[in-house]
Amino acid sequence: QVQLVESGGGLVQPGGSLRVACTASGSILTIYDMRWYRQAPGKQRELVAGITRSGNANYADAVKDRFSISRDNTNVSLQMNNVKPEDTASYYCSAVISAIPRPKPTEYWGQGTQVTVSP
């Protein structure tokens, strides 16, 4: 089965930097779009950034010019710079993947990793 495992969450001070990463595993044929979402307590989950197979990236306005998404093989990461308290949330990666034995492209999700921005 396909699994996405996230890492890199933790406590960071306002203005600091943090990188969260996600690795996909399984009998993967192709990884299409890869994305990062976040969800803060009492808030809806929001799309933070996405990146296509060709490397075209898009960002939510709230993180534009501060965050950067990148991908390499089965990995996707989100570099978070100049973080703000409002960036505090659980961050989730997702990826659209075709895999054996069910090659139909399907979106898979990681379990989430907590990022807390606090003095």
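Treat the numbers as computed from the prediction; the structure is a model and nothing was measured.
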Check whether any side-chain heavy atom of [X] sits under 4.5 Å from a side-chain heavy atom of [Y], and report yes or no.
{"X": "W36", "Y": "M80", "answer": "no"}
{"X": "P119", "Y": "P14", "answer": "yes"}
{"X": "K84", "Y": "V117", "answer": "no"}
{"X": "R71", "Y": "R53", "answer": "yes"}

Go through the structure and list residues passing side-chain hydrogen bond (donor to acceptor under 3.5 Å, both in side chains) with Q111, not counting sequence neighbours.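 Result, side-chain hydrogen bond (donor to acceptor under 3.5 Å, both in side chains) vs Q111: none returned.
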For S54, the side-chain hydrogen bond (donor to acceptor under 3.5 Å, both in side chains) test, sequence neighbours excluded, returns T52
Straight-line distance of [X] [atom1] to [Y] [atom2], nearest 0.5 Å:
{"X": "Y108", "Y": "I97", "atom1": "OH", "atom2": "CD1", "answer": "6.5 Å"}
{"X": "Y59", "Y": "L78", "atom1": "OH", "atom2": "CG", "answer": "7.5 Å"}
{"X": "N82", "Y": "R66", "atom1": "CG", "atom2": "CZ", "answer": "6.0 Å"}
{"X": "I100", "Y": "Q1", "atom1": "CD1", "atom2": "CD", "answer": "15.0 Å"}
{"X": "N58", "Y": "R35", "atom1": "CG", "atom2": "CZ", "answer": "10.5 Å"}

Heavy-atom closest pair, residues [X] and [Y]:
{"X": "I69", "Y": "A57", "result": "CG2-CB, 3.7 Å"}
{"X": "A40", "Y": "A89", "result": "N-CB, 3.8 Å"}
{"X": "T113", "Y": "E6", "result": "N-OE1, 4.0 Å"}

Report whether I51 and V96 are members of the same hydrophobic cluster (ILVMFWY, side-chain heavy atoms less than 4.5 Å apart, transitive linking). no
Following the transitive rule for hydrophobic clusters with a side-chain heavy-atom cut-off under 4.5 Å over Ile, Leu, Val, Met, Phe, Trp and Tyr, establish whether V20 and Y92 coincide in one cluster. no
Under a plain distance cut-off of 3.5 Å, with no hydrogens placed, do T74 and T23 share a side-chain donor-acceptor pair?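 T23 vs T74: no donor-acceptor pair found between side chains.
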Between S90 and Q39, do the side chains contain an N or O donor and an N or O acceptor separated by less than 3.5 Å?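 Note: S90 and Q39 side chains miss the donor-acceptor criterion.
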Determine, stepwise, if the pair E107 / S94 fulfils side chain to side chain donor-acceptor pair (under 3.5 Å). CA-CA 7 Å; E107 187 173 22; S94 78; 3.0 Å; yes
Are the ring centres of Y37 and W109 closer than 6.0 Å? yes
Do D87 and R38 meet the salt-bridge criterion of a basic N to acidic O distance under 4.0 Å? yes
Quick one: which residue pairs count as a disulfide (SG to SG under 2.5 Å) with a foot in residues 58-119, not counting sequence neighbours? C22-C93
